[in-house]
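See structure below.
Here the structure is a predicted model, which means the values were calculated and not measured. Here is how names work: the chains are called A, B, and so on, in the same order as the sequence lines, proteins then strands, and each is numbered from 1.
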Amino acid sequence: MKKELAKTYDPKGLEERLYKKWLDGGYFHAEVNPDRKPFTIVMPPPNITGQLHMGHALDNTLQDILIRWKRMQGYEALWQPGTDHAAIATEVKVIQHLKEQGIDKDEIGREEFLKHCWEWRREYGGRIVSQLCKLGSSADWERERFTMDEGCSDAVMEVFLKLYEKGYIYKGSRIVNWCPKCQTTISDAEVEHVDQDGFFWHINYPIVGEEVRFVEIATTRPETMLGDTAVAVNPDDERYKDLVGKMLELPLAGRTIPVIADSYVDKEFGTGCVKITPAHDPNDFEVGRRHGLEEICILNDDATMNGKCGKYTGMDRYEARKAIVKDLEDLGLLVKVVPHTHAVGTHDRCGTTVEPMVKPQWFVRMDELAKPAIQAVKNGDLTFVPERYTKIYLNWLENIHDWCISRQLWWGHRIPAYYCDDCGEMVVAKEAPAVCPKCGRTHMHQDPDTLDTWFSSALWPFSTLGWPKKTPELDYFYPTDVLVTGYDIIFFWVIRMVFSGYEQTGKSPFHHVLIHGLVRDSLGRKMSKSLGNGIDPLEVIDEYGADALRLTLVTGNAPGNDMRFYFEQVEASRNFANKIWNASRFIMMNLPEEDIPEMDAKDLFPADKWILSRINTVTREVTENMDRYELGIAVQKIHDFLWDEFCDWYIEIAKFRLTSDDSVRGNVSWKAAALWTLKTVLAQAMKLLHPYMPFVSEEIYCTLLPGEETIMTSDWPVYKEEWSFPEEERQIAAFMELVRGIRAIRMEMNVPAKTKTDLFVVGKNLEIVNELRSLFDSLGDSSRMLFAKAIHIIGSKDEIGDESVSVVLSDATAYIPLDELVDREKEIARLKDESAKMDREIARSSGMLNNPNFTSKAPAAKVEEERAKLEKYRATKHQILDQLARYGL
RNA sequence: GGACGGUUAGCUCAAUGGGAGAGCACUCGCUUCACGUGUGAGGGGUUGCAGGUUCGAGCCCUGUACCGUCCACCA
């Protein structure tokens with residue numbers, strides 16, 4: 001039974017209905033299936049605090065395109081979804097939430113707080129998932145996971161214990177990045193260096209036992225001097241050689257500190273003397289450890305000065321800075337203050353200036369783990385698209401520091417370390433030990449810290465598939481194929497997944513990493529909450545449809561590049577959906593109730609063969625582009641084919657036959673051939689379009705082919721040799737050239753559309769005349785497109801009156817009697833213009849061909865091509881002159 | 001201080017070394033029976049600058065300017 005599309009394209013109702021149909025049909029679900037090859041993508045798990053933003057929309061659109069495409073290609077395509085507990089992000093949100101109800105985190109305690117977190121997750125954790133559905137994401141929701149569900153938590157424990165036993169995880173007092181606002185450590189990846197205007201304070205430290213000599217140091221952080229335990233100079237610095245080993249008076253602190261020599265000091269920078277504060281500067285920390293210096297912590301966790309700071313105790317670090325500078329000035333020890341811009345580490349979440357502190361924390365030793373991850377890209381097991389991101393990946397890995405994984409948060413995976421209250425013994429184990437293995441007493445308590453949220457995400461590609469259990473899924477779907485993510489989280493996530501994958505499974509967790517850029521606003525600014533320039537994808541979907549949004553996000557941008565978001569672009573995308581909607585509706589209106597018989601391509605008429613040949617080529621090219629992840633180029637080709645070739649030309653040409661009486665050539669019906677071609681090409685084009693615009697393509701496809709359940713499981717088209725018709729492509733190209741030529745002339749002459757003329761087409765020779773006659777014959781009544789009263793295909797221009805307008809084609813010239821077109825002078829001017837243009841072309845072309853270097857060195861085909869062009873120019877020129885002669889010129 | 005990306009039409013961006021393109025915007029037409037969310041015809045560019053390689057350069061090489069991004073322990 002023939003079906004019809006709704007009169008108007010309404011994405012809203014359509015998309016909701018189709019998504020439900022897909023879910024009900026179970027098309028998103030993948031199973032272990034030995035008969036097919038697997039194709040796997042793990043979805044970067046969005047935070048449970050998340051609201052869908054343009055970054056998610058882009059990221060998930062790209063993944064959905066790939067997964068839908070591979071599914072159609074016959075792979076068992078698994079898109080593994082899930083959400084991330086997002087330790088700090090969620091904890092902050094829940095604290096805020098509780099605060100609004102007058103509840104304080106610390107008052108209710110850990111257990112109670114975690115209950116609220118889980119409650120919060122139940123309440124809001126699914127929100128982003130439902131938003132991803134609106135986008136059309138065909139993820140296997142039956143397999144949805146959560147980083148803190150039982151399986152993922154088991155994986156975390158397993159990895160922690162394994163790495164601990166191997167000595168790769170250790171607890172130690174090291175310098176860490178401390179966020180005084182969030183009250184937790186953060187990893188290097190979470191520190192953002194921001195240039196800030198500050199000062200260089202030059203301070204004199206008196207030398208013990210010398211009245212007049214000082215050591216002048218320069219610092220950007222004078223308040224940390226209370227924690228100084230040395231001053232360092234470069235061992236090769238002649239200026240200070242005699243100072244090494246001397247003691248200095250540390251002003252305001254009432255202590256003395258030594259001068260030491262360390263090559264870390266740059267002779268050229270500042271004064272060449274550096275105050276060393278091991279407890280509050282990463283470099284100083286290293287220097288301090290090398291020289292066995294004391295680490296004096298002078299700050300509380302909230303960045304106020306602690307009890308070791310005398311009169312400054314209790315002051316905020318910046319308050320103390322002012323006070324100390326003032327006091328130094330009063331003592332006459334402040335030499336000068338020089339403005340200085342420097343990069344300050346800030347917490348990427350809250351923007352607070354990070355305080356380096358020495359704290360006992362848990363770390364992952366990176367040196368050994370990094371090795372296979374580095375090797376992976378060097379031997380090609382792992383590739384980045386675009387390739388340039390390999391360098392960024394490598395650069396980070398080659399300079400990696402140990403990863404601080406403990407966080408002073410409650411929401412997350414708690415570190416499985418237990419301490420004996422009585423003897424201090426530490427036990428790392430899956431379960432809490434009942435008794436202390438050392439002293440035998442029973443007062444054990446668990447480490448209060450939790451793990452960095454990225455510790456669990458690092459395991460995502462295999463933990464979601466069942467690891468550490470040996471599941472059939474893990475065996476079949478792992479390693480995954482492509483990871484799609486933004487360049488901004490290569491450090492946080494991609495790297496950690498890779499080294500974790502190698503360490504735990506011996507394999508790279510994925511073969512390719514497809515990197516995309518940021519979606520910016522129309523002014524090129526990052527979308528951000530504070531700027532208020534964010535565009536809500538859901539609102540865009542609501543107004544224009546998910547298909548339009550998706551098309552917008554992949555059109556016209558290359559992998560890895562940022563893009564700007566324009567509503568004009570969304571509108572254009574929506575218009576495209578509307579265009580194909582109406583074209584399809586037109587085709588379906590013309591289809592008969594009964595089925596059209598299958599046809600053999602070789603029995604078709606030239607125009608049919610042409611469009612078949614074109615979609616055949618487009619199919620091949622699109623597939624090649626997609627193989628190279630050039631999704632923007634691929635969709636551009638589909639778009640152009642559908643709009644410019646199929647709608648603007650083929651449908652228009654096919655109309656000649658649809659609207660006239662049927663006729664049979666050989667054993668093929670005119671109309672049936674057109675209808676079969678329309679239907680076949682449209683169906684195939686919808687398949688190509690489906691990964692990009694799943695909803696509209698599904699609706700059209702299933703309406704066009706009422707027997708088909710869904711386009712989702714249809715076969716991805718492949719190139720067919722028997723659909724290649726170069727000869728017909730050439731013929732239709734000539735026809736199009738003729739139509740365009742006539743339109744242009746009529747426009748130039750201001751001929752009203754109503755005015756029809758005679759049209760004479762003169763072939764160069766008999767063979768061409770016959771070919772043209774047969775072509776025009778096969779097209780049906782093409783006079784409408786040519787604005788013709790009658791079309792005469794003839795062998796000689798003698799039959800035409802002298803005064804006429806011509807359109808010159810490769811093998812023929814078309815003439816329109818001038819008297820029907822009004823303006824003689826205008827036509828002469830036009831011919832002269834054309835003639836001059838030909839002269840230029842002939843000069844250019846013959847210039848090239850007269851260059852012996854060109855003819856001898858350029859490829860033969862190129863030279864031949866140029867010769868053919870020149871020949872055509874000359875013929876055209878000749879005909880123009882001929883025409884001018886008819887006007888007596 | 002390193003590394004990377006960009007510089008092409010008014011705007012946003014494309015273009016395996018072989019006559020510079022698209023979308024939007026602009027100009028001038030069209031109530032053509034699928035679509036005005038449409039359709040036809042146009043205008044508009046010394047491809048940042050300077051060299052080089054090549055028969056031939058937007059594309060390759062060198063240098064340079066500007067914009068942007070990432071990394072980095074010059075206190």
Using a strict 4.0 Å threshold on nitrogen-to-oxygen distance, state whether A:Arg830 and A:Glu827 make a salt bridge. yes

Contact class for A:Asn399 (heavy atom, under 4.0 Å): base, sugar-phosphate, or nothing? nothing

Rounded distance in Å - CG (A:Asp644) to P (B:G38): 13 Å

Could you tell me which nucleotide pairs with B:G40 by Watson-Crick or G-U wobble geometry, both distances under 3.5 Å, or answer none if nothing does? B:C28

Nucleotide nearest A:Arg743 when distance is taken to its side chain, options B:G40, B:C71, B:G18: B:G40

Paired to B:U8 by Watson-Crick or G-U wobble criteria (both distances under 3.5 Å) is none

Scan every strand shown for a Watson-Crick or G-U wobble partner of B:A20, both distances under 3.5 Å, and answer none if you come up empty. none

B:A20 to B:C73 separation - C1' atoms, rounded to the nearest Å: 49 Å

Flag the pair A:Phe384 / A:Tyr487 as yes when their ring centroid distance falls below 6.0 Å, and as no otherwise. no

Can a side chain N or O of A:Lys754 be found less than 4.0 Å away from OP1 or OP2 on B:C30? no

When you compare the side chains of A:Ser845 and A:Glu866, does any donor N or O come within less than 3.5 Å of an acceptor on the partner? yes

Is there a donor and acceptor pair closer than 3.5 Å between the side chain of A:Arg564 and the base of B:U12? no

Name the closest nucleotide to the A:Trp396 side chain, picking from B:G38, B:A34, B:A72. B:A72

Phosphate-side-chain proximity, A:Lys862 and B:G18, N/O vs OP1/OP2 below 4.0 Å: no

Gap between atoms CD and P, on A:Glu652 and B:C35 respectively (whole Å): 11 Å

Side-chain donor or acceptor of A:Lys637 under 3.5 Å from a matching atom on the base of B:A22? no

Side-chain atoms of A:Tyr566 come closest, of B:A75, B:U12, B:C33, to B:U12

Watson-Crick or G-U wobble partner of B:A15, both distances under 3.5 Å: none

Expressed in angstrom and rounded to an integer, what is the separation of A:Phe787 atom CZ from B:G29 atom P? 16 Å

If I pick the C1' atom on B:U54 and the same atom on B:G45, what distance separates them, to the nearest angstrom? 25 Å

On a whole-Å scale, what distance lies between the C1' atoms belonging to B:G10 and B:U16? 31 Å

C1' atoms of B:C66 and B:C74, separation to the nearest Å: 27 Å

Under 4.0 Å between any heavy atoms, over every strand shown, what does A:Asp266 touch: base, sugar-phosphate, or nothing? Just pick one. base

How close or far is atom P of B:C71 from atom CG of A:Leu397, stated in whole angstroms? 14 Å

What's A:Arg784 touching, base or sugar-phosphate or nothing? Going by heavy atoms closer than 4.0 Å. base

So what's B:A3 paired with, Watson-Crick or G-U wobble, going by both distances under 3.5 Å? B:U69

Mate of B:A57 across any strand shown (Watson-Crick or G-U wobble, both atom pairs under 3.5 Å) is none

Between atom CD in A:Glu568 and atom P in B:U37, what is the gap in whole Å? 16 Å

Consider the side chain of A:Trp643, meaning its heavy atoms from C-beta on, and name the nucleotide among B:G18, B:G38, B:U12 that approaches it most closely. B:G38

Side-chain donor/acceptor of A:Lys579 to base of B:C35, under 3.5 Å: yes

Nearest-angstrom distance, C1' atom, B:G6 to B:A15: 16 Å

Select from A:Tyr9 and A:Val191 the residue whose nearest nucleotide in RNA chain B is closer to the 5' end of that strand. A:Tyr9

Output the single nucleotide from B:A34, B:A75, B:C55 whose closest atom is nearest the side chain of A:Ala858. B:C55

Taking a pair to mean Watson-Crick or G-U wobble geometry with both distances below 3.5 Å, B:C49 pairs with B:G63

Could you tell me how far B:G21 sits from B:G58 if I compare only their C1' atoms? Round to whole Å. 12 Å

Could you check whether any side-chain heavy atom of A:Ile217 comes within less than 4.5 Å of a side-chain heavy atom of A:Val231, counting everything from C-beta outward? yes

First encountered from the 5' end of RNA chain B, between A:Lys869 and A:Thr220: A:Lys869

Between B:A22, B:G42, B:A34, which nucleotide has the shortest distance from any of its atoms to the side chain of A:Gln636? B:A22

Within the structure, does a side-chain N or O atom of A:His340 lie under 4.0 Å from either OP1 or OP2 of B:C74? no

Any salt bridge linking A:Lys275 with A:Asp228? Criterion: basic side-chain nitrogen under 4.0 Å from a carboxylate oxygen. yes

To the nearest angstrom, the CG-P distance between A:Asn561 and B:U69 comes to 14 Å

With rounding to whole Å, what would you report as the distance between B:G42 and B:A9 at their C1' atoms? 14 Å

Interatomic distance where OH belongs to A:Tyr650 and C1' belongs to B:A34 [whole Å]: 16 Å

Got a donor-acceptor contact below 3.5 angstrom from the A:His280 side chain to the A:Pro356 backbone? yes

Is the shortest side-chain N to carboxylate O distance from A:Glu871 to A:Arg874 below 4.0 Å? no

Among the candidates B:A41, B:A75, B:U12, find the nucleotide nearest to the side-chain atoms of A:Arg740. B:A41

Nearest to the side chain of A:Arg388 - B:U39, B:C4, B:A75? B:C4

Thinking salt bridges, do A:Glu355 and A:Arg221 make one under a 4.0 Å N-O criterion? yes

With heavy atoms under 4.0 Å as the rule, sort A:Phe285 into base, sugar-phosphate or nothing. nothing

To the nearest angstrom, how far is A:Leu642 atom CG from B:A34 atom P? 19 Å

Between B:A22 and B:G44, how far apart are the two C1' atoms, rounded to whole Å? 14 Å

Counting side-chain heavy atoms from CB outward, which of B:U39, B:C4, B:A75 is closest to A:Tyr264? B:A75

From B:C71, B:C55, B:A34, pick the nucleotide closest to the side chain of A:Asn395? B:C71

What's A:Pro752 touching, base or sugar-phosphate or nothing? Going by heavy atoms closer than 4.0 Å. nothing

Can a donor-acceptor pair be found, under 3.5 Å and without considering hydrogens, that links the side chain of A:Asp284 to the backbone of A:Ala279? no

